[in-house]
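Below is one structure; the comments refer to it alone.
Labels below follow one simple rule: chain letters A, B, ... track the order of the sequence lines, proteins then strands, and each chain is numbered from 1.
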Amino acid sequence: MLDIKFIRENPELVRQGLINKNSADVVDEILQLDEKRRTLISKSDELKALRNKVSSQIPILKKKGEDTSSIFAEMKKVGDEIAELDKQLKEVEDKLEEILRWTPNLAHSSVPVGKSAEDNVEVRRWIPEGFSFEFDFEVKDHIELGKKLDILDFERGTKISGSGFPLYKGKGATLERALINFMLDYHLQHHGYKEVFPPILVNRESMKGTGQIPKLEEDMYFIEKDGLYPIPTAEVPITNIHRDEILQEKDLTIKYVGYTPCFRREAGSYGKESKGFLRVHQFNKVEMVKFTKPEDSYDELESLVKDAEDILQALKIPYRVILLCTGDLSFSAAKCYDIETWSPAEKKWLEASSCSNFEAFQARRANIRFRREETKKVEYVHTLNGSGLATSRLMVSLLENYQTPEGKIIIPKALHKYTGFEIIG
RNA sequence: GGAGAGGUGGCAGAGUGGUUGAAUGCGGCGGUCUUGAAAACCGUUGUCCGUGUAAUGCGGACCGGGGGUUCGAAUCCCUCCCUCUCCGCCA
């Protein structure tokens with residue numbers, strides 16, 4: 001949610017920001033409603049002040065035994081007027097809130113202006129020593145490898161649940177578990193995060209808090225009977241840990257890391273892109289979430305990206321870091337880096353991580369604040385999150401990059417103590 | 001699933017229609033005392049909105065959410081949500 005005061009004071013800035021984000025210009029509508037809202041509040045408050053003043057006199061008059069019936073009649077009228085004004089006010093506020101809820105965050109000034117993914121900017125790439133984009137044998141894709149080695153079974157996953165629900169088997173299952181444990185441990189030991197293991201079904205308030213609702217409602221599973229949503233990302237429960245709280249300045253930056261499965265309907269996205277692991281309804285992800293002071297959030301974003309990169313460097317998987325342009329930014333994000341790992345079979349970079357600064361956008365929705373020690377004032381925190389990382393896409397790159405000409409998989413050294421084996425096949 | 005209890009300020013916990021934003025205790029902050037600390041004592045202690053910025057200014061709202069009764073609601077009524085206890089079932 002954008003700050004109404006900011007919109008009021010910087011309408012043209014907001015207007016341009018919305019255009020840059022390929023979003024409808026609702027600034028005038030917002031300003032009009034805001035104006036109306038404030039007029040109604042003033043009128044209503046004035047009458048309420050009158051009523052309060054008179055009300056406080058009534059017990060005294062009664063004690064004196066004076067007749068209060070004419071006052072009652074008059075105040076009845078005032079009360080009706082107040083009710084009418086408040087009714088109008090509620091309508092205006094509901095409308096305003098609805099518009100603001102559908103209005104995306106604005107991009108940070110350091111974000112390149114652009115229309116689509118084509119305008120994204122590659123910031124850097126990292127290639128392990130001795131790596132070559134050209135293999136001297138014919139590479140197999142992760143689906144073929146998974147099938148041959150009997151570690152991934154997409155067909156039976158489909159039988160159990162439907163397409164997009166992968167079944168890991170044998171060393172594939174162990175490798176998946178090893179990756180999760182390795183990543184968690186790495187962030188705990190090297191990056192100073194606190195581990196959390198949150199609920200993976202959340203209520204509507206939590207979904208609103210991080211901005212998945214209303215914009216992405218169609219992309220979410222929903223358990224109607226209990227009003228609960230299977231989470232699309234751990235960002236939701238972890239960010240909501242501090243919903244409706246006032247944090248202490250000395251506790252910031254708070255850094256959480258947690259593993260959860262993630263569930264996405266991915267409605268309407270079938271076809272080539274959805275083969276195997278490329279797009280699934282259920283996948284595993286280790287997620288990092290930060291709560292920072294506003295002045296720290298962009299430094300924290302840089303270190304967040306580095307934290308995710310460290311995992312890939314430890315695993316020696318080639319990747320590149322992409323800075324998303326304004327048009328490709330997600331609804332809630334002010335700035336976002338994607339990390340893409342190399343798939344030799346697809347000959348493509350695959351998004352394996354997304355690290356975003358939401359500034360106060362989520363904090364305003366979820367009402368997450370902190371108190372400044374010096375001024376004692378409360379302010380919204382900035383929230384950030386990044387995948388560190390999603391295992392499905394990572395698995396594609398890992399299997400394909402570490403395959404041998406014989407179709408075996410070498411396990412990266414960093415994982416040995418987690419897998420208990422060094423090769424599959 | 002059945003039966004019951006309850007949701008009040010950072011926490012605990014009073015308050016059943018009228019100067020109640022709300023007693024009291026704890027915690028927090030400031031001060032006195034002290035070489036320092038503790039104890040004791042004194043003072044202070046929420047959030048949001050509007051308005052204004054000479055101000056620790058003025059006004060309004062907030063006692064789980066929503067609605068109602070009333071001149072007036074934390075207090076009465078309706079409704080929804082949540083939490084807890086006991087029983088049942090169960091990983």
I'd like the [atom1] distance from [M] over to [N], given in whole Å.
{"N": "G13(B)", "M": "C26(B)", "atom1": "P", "value": "15 Å"}
{"N": "U53(B)", "M": "U44(B)", "atom1": "C1'", "value": "25 Å"}
{"N": "A61(B)", "M": "A74(B)", "atom1": "C1'", "value": "14 Å"}
{"N": "G50(B)", "M": "A14(B)", "atom1": "P", "value": "36 Å"}
{"N": "A39(B)", "M": "G52(B)", "atom1": "C1'", "value": "46 Å"}
{"N": "C81(B)", "M": "G9(B)", "atom1": "P", "value": "22 Å"}
{"N": "G27(B)", "M": "C78(B)", "atom1": "P", "value": "41 Å"}
{"N": "U8(B)", "M": "U51(B)", "atom1": "C1'", "value": "30 Å"}

Output the rounded distance in Å from [atom1] ([X]) to [atom2] ([N]).
{"X": "D226(A)", "N": "C82(B)", "atom1": "CG", "atom2": "C1'", "result": "14 Å"}
{"X": "E205(A)", "N": "G65(B)", "atom1": "CD", "atom2": "C1'", "result": "10 Å"}
{"X": "I58(A)", "N": "C71(B)", "atom1": "CD1", "atom2": "P", "result": "10 Å"}
{"X": "M75(A)", "N": "G72(B)", "atom1": "CE", "atom2": "P", "result": "10 Å"}
{"X": "D86(A)", "N": "A61(B)", "atom1": "CG", "atom2": "C1'", "result": "10 Å"}
{"X": "K208(A)", "N": "C81(B)", "atom1": "NZ", "atom2": "C1'", "result": "13 Å"}
{"X": "D80(A)", "N": "U69(B)", "atom1": "CG", "atom2": "P", "result": "10 Å"}
{"X": "K250(A)", "N": "G28(B)", "atom1": "NZ", "atom2": "P", "result": "11 Å"}

Complement of [N], any strand, by Watson-Crick or G-U distances under 3.5 angstrom:
{"N": "C84(B)", "answer": "G4(B)"}
{"N": "U34(B)", "answer": "none"}
{"N": "A61(B)", "answer": "U47(B)"}
{"N": "A74(B)", "answer": "none"}
{"N": "A14(B)", "answer": "none"}
{"N": "A54(B)", "answer": "none"}
{"N": "U20(B)", "answer": "none"}

Side-chain donor-acceptor contact under 3.5 Å, [X] with [Y]:
{"X": "D185(A)", "Y": "Y418(A)", "result": "yes"}
{"X": "Y229(A)", "Y": "Q212(A)", "result": "no"}
{"X": "N203(A)", "Y": "S206(A)", "result": "yes"}
{"X": "R365(A)", "Y": "N367(A)", "result": "no"}
{"X": "S297(A)", "Y": "N357(A)", "result": "yes"}
{"X": "E300(A)", "Y": "T292(A)", "result": "no"}

Quick test of your reading: applying ring-ring contact (aromatic ring centres under 6.0 Å, His included), list the pairs with at least one residue in residues 53-108 of chain A, sequence neighbours left out, ordered by first then second residue.
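Matches after skipping sequence neighbours: H108(A)-Y298(A).
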Please report the closest heavy-atom contact between I322(A) and N120(A), naming both atoms and the distance.
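Looking at all heavy atoms of both residues, the closest pair is CG2-CB, 3.5 Å.
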Phosphate-side-chain proximity, N203(A) and C81(B), N/O vs OP1/OP2 below 4.0 Å
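So the side-chain polar atoms of N203(A) never come under 4.0 Å of the phosphate oxygens OP1 or OP2 of C81(B).
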For G60(B), take OP1 and OP2 only and decide whether either is under 4.0 Å from a side-chain N or O of N52(A).
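Looking at the OP1 and OP2 atoms of G60(B), one of them is under 4.0 Å from a side-chain N or O of N52(A).
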Nearest nucleotide by nearest heavy atom, which residue falls closer to the 5' end of RNA chain B, G79(A) or S44(A)?
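This one resolves to S44(A).
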Which atom pairs link the protein and nucleotides 19-21 of chain B when you take only N or O atoms and keep those under 3.5 Å?
none

Please list each protein N or O that sits under 3.5 Å from an N or O in nucleotides 44-52 of chain B, with the distance.
unit_1	atom_1	unit_2	atom_2	d
U47(B)	OP1	R371(A)	NH1	2.9
U47(B)	O3'	R369(A)	NH1	2.9
C48(B)	OP1	R369(A)	NH1	3.0
C49(B)	O3'	R37(A)	NH2	2.9
G50(B)	OP1	R8(A)	NH2	3.2
G50(B)	O2'	S42(A)	OG	3.4
U51(B)	OP1	R38(A)	NH1	3.1

Pairing of R265(A) and D219(A) as salt bridge, 4.0 angstrom limit:
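So R265(A) does not pair with D219(A) through a salt bridge.
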Salt bridge or not between K77(A) and E81(A)? Use side-chain N to carboxylate O under 4.0 Å.
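A salt bridge is absent here (no side-chain N lies under 4.0 Å from a carboxylate O).
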What's K87(A) touching, base or sugar-phosphate or nothing? Going by heavy atoms closer than 4.0 Å.
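Since no nucleic acid heavy atom lies under 4.0 Å of K87(A), the category is nothing.
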With a 4.5 Å limit on heavy-atom distance, are the side chains of P166(A) and L152(A) in contact?
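Counting from C-beta outward, P166(A) and L152(A) never come under 4.5 Å.
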